[in-house]
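What follows is a short report on a single structure.
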Amino acid sequence: MYIGIQMEKVKRTKIADLLSRTDYGTMVNVKGWVRTRRGSKQVNFVAINDGSTIKNVQIVVDVEHFNETVLKEITTGACVSVNGILTESIGAGQTAEIQAREIEILGTCDNTYPLQKKGHSMEFLREIAHLRPRTNTFGAIFRIRHNMAMAIHNFFHERGFFYFHTPIITASDCEGAGQMFQVTTKNLYDLKKDESGSIIYDDDFFGKQASLTVSGQLEGELAATALGSIYTFGPTFRAENSNTPRHLAEFWMVEPEVAFIDLPDLMDLEEEFIKYCVQWALNHCQDDLEFLNKMFDKGLIERLQKVVNTAFVRLPYTEGIRILEQAIADGHKFEFPVYWGADLASEHERYLVEEHFKKPVIMIDYPKEIKAFYMKQNDDGKTVQGTDVLFPQIGEIIGGSVREENHEKLLARIEELNIPMKDMWWYLDTRKFGTCPHGGFGLGFERLVLFVTGMTNIRDVIPFPRTPKNAEF
Ligand code: 4AD
Ligand code: MG
């Protein structure tokens, strides 16, 4: 019976559940991928991982009871199904192991499998993104990523926010930055153009120029001014040619939008939201965080705990510029210039957060010229009620604002910026029909996962990164 090819049917247990069981002597079944195999002529120890936890389960194989063909196929990467007796383990660092009775090879794996040895570079693993979820590191990252998504839904659901689905294909450029990917079914080799050389879209799929969305905010505002509090959580796209460790061409964004909120309450929501997510990771992802803390970043868990227990600084942009100018006067060197009106670079944001305050900073009241058209204008005529949350290691993790709810002021700003008005009629309707104060923000999901995992490159916290010149897998 030890050599069964036709195995006895035993219900599968996930390793995460199995390791906490103490009903020793029970017949169990596990299925998973072989991580390592070691041992002697008499007895082999095979470590199996099934992705349910970072921990492996140890299979003890009494060699004389198994046929040689099966034994030969228990190689690193092979997929196996094991029936065996759950046994208390005497080895350090594990509670239960399995004394194998039957082993079935579900999928063999030869020595061309690239994950034979440990210690591959992150760069190499990016080239094999189809296999990297099988490593400890990426298993941990993707379990944490899932947990962050759950935390987000829980946070908003508990507070009476409705999950609202905004379109992915759109004809409006929310951020007005012209970084959109076009969506078309037109024959690109044979484009219809008018006398001035502009493309005519009448015969295109949507009958007008369409693109992938850069943000669900504008439609989110329509929903907030009806349902009160909503959030979106979906993919967004930016054709910005920034090859940095913090930018993706396709990323996920969480965008709550709230009626009747003002700037102080918006900042409270931002702070409470991030702390909730980080605390969730500390509560639910302990094993994975401990692994990442040990292998990559010895300060990770401490940094997460610190964020949860620290009040974020609230800092007007003008005051931020003053601090940066003082730093320069004191001899600090920045690559990019600092002056009132400048869009802060990552180095400036990180100086404020990591060196000056040593805490997360919520910056507010930005010059209107460097922010989007929809932000509420302050009475000074110069600044708008934008809020960016700046984080250690990451820089900007959230961008948001109170929205301009006054129809005339919004219209004036749209005209000033030359935004095509006919495309915005439905957005302007909210300001015509029962307008109300409201605001919201967008959190870059991958930037949150970057912070929580301690990874240093955003390409390593999304399964299949899309960046300039890269759309493999
Ligand atoms: O600051 P952003 O551009 O704000 C908006 O899109 C607003 N419509 C949000 C709102 O108020 N509803 O983007 C929001 C966040 C940034 O703070 C950053 O975390 C992330 O999205 N982000 C990116 N993440 C990865 N790759 C990129 N290319 C990103 N661009 C923005
Ligand atoms: Mg921003």
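Remember, predicted model here, so these are calculated numbers, not experimental data. As the structure lists them, so they are numbered: ligands from 1, and atoms in each ligand from 1.
At a threshold of 2.8 Å, the Mg ion (ligand 2) has a backbone or side-chain N, O or S atom of Glu396 nearer than that distance.
Taking the six-membered ring for Trp and thresholds of 30 and 60 degrees, His130 and Phe473 have nearly parallel ring planes, at less than 30 degrees apart. Between Trp280 and His284, the two ring planes are parallel [angle under 30°; tilted spans 30° to 60°].
In the vicinity of Gly399, heavy-atom distances shorter than 4.0 Å reach the ligand 1 atoms 1 (O), 9 (C), 10 (C), 11 (O), 17 (O). Those atoms of ligand 1 with a heavy atom of Arg246 less than 4.0 angstrom away are 25 (C), 26 (N).
Judged by the shortest distance from any of its heavy atoms, Glu175 lies inside the 4.0 Å radius around the atoms of ligand 1. Using a 4.0 angstrom heavy-atom cutoff, Glu257 does not count as in contact with ligand 1. In this structure, Glu221 falls outside the shell of residues with a heavy atom less than 4.0 angstrom from ligand 1. For the ligand labelled ligand 1, residue Tyr374 lies inside the 4.0 Å heavy-atom shell.
Summarising the contacts of atom 1 (O) of ligand 1 with Lys371, Glu396, Met375, Arg466, the nearest heavy atom is found in Glu396. Heavy-atom proximity to atom 2 (P) of ligand 1, evaluated over Gln179, Arg238, Glu250, is greatest for Arg238.
Two rings, from Tyr163 and His157, have their centers 6.0 Å or more apart.
Residue Asp50 is tested with Arg12, Lys14, Lys31 for a salt bridge (charged side-chain N to carboxylate O under 4.0 Å, His left out); the sole match is Arg12.
Here the side chains of Trp33 and Cys79 are in contact, with some heavy-atom distance below 4.5 Å.
Scanning the protein for heavy atoms near atom 19 (O) of ligand 1, the closest one is Ile397 O, 2.9 Å.
Using modelled atom types and a 3.5 Å distance limit, the side chains of Thr137 and Thr135 yield no donor-acceptor pair.
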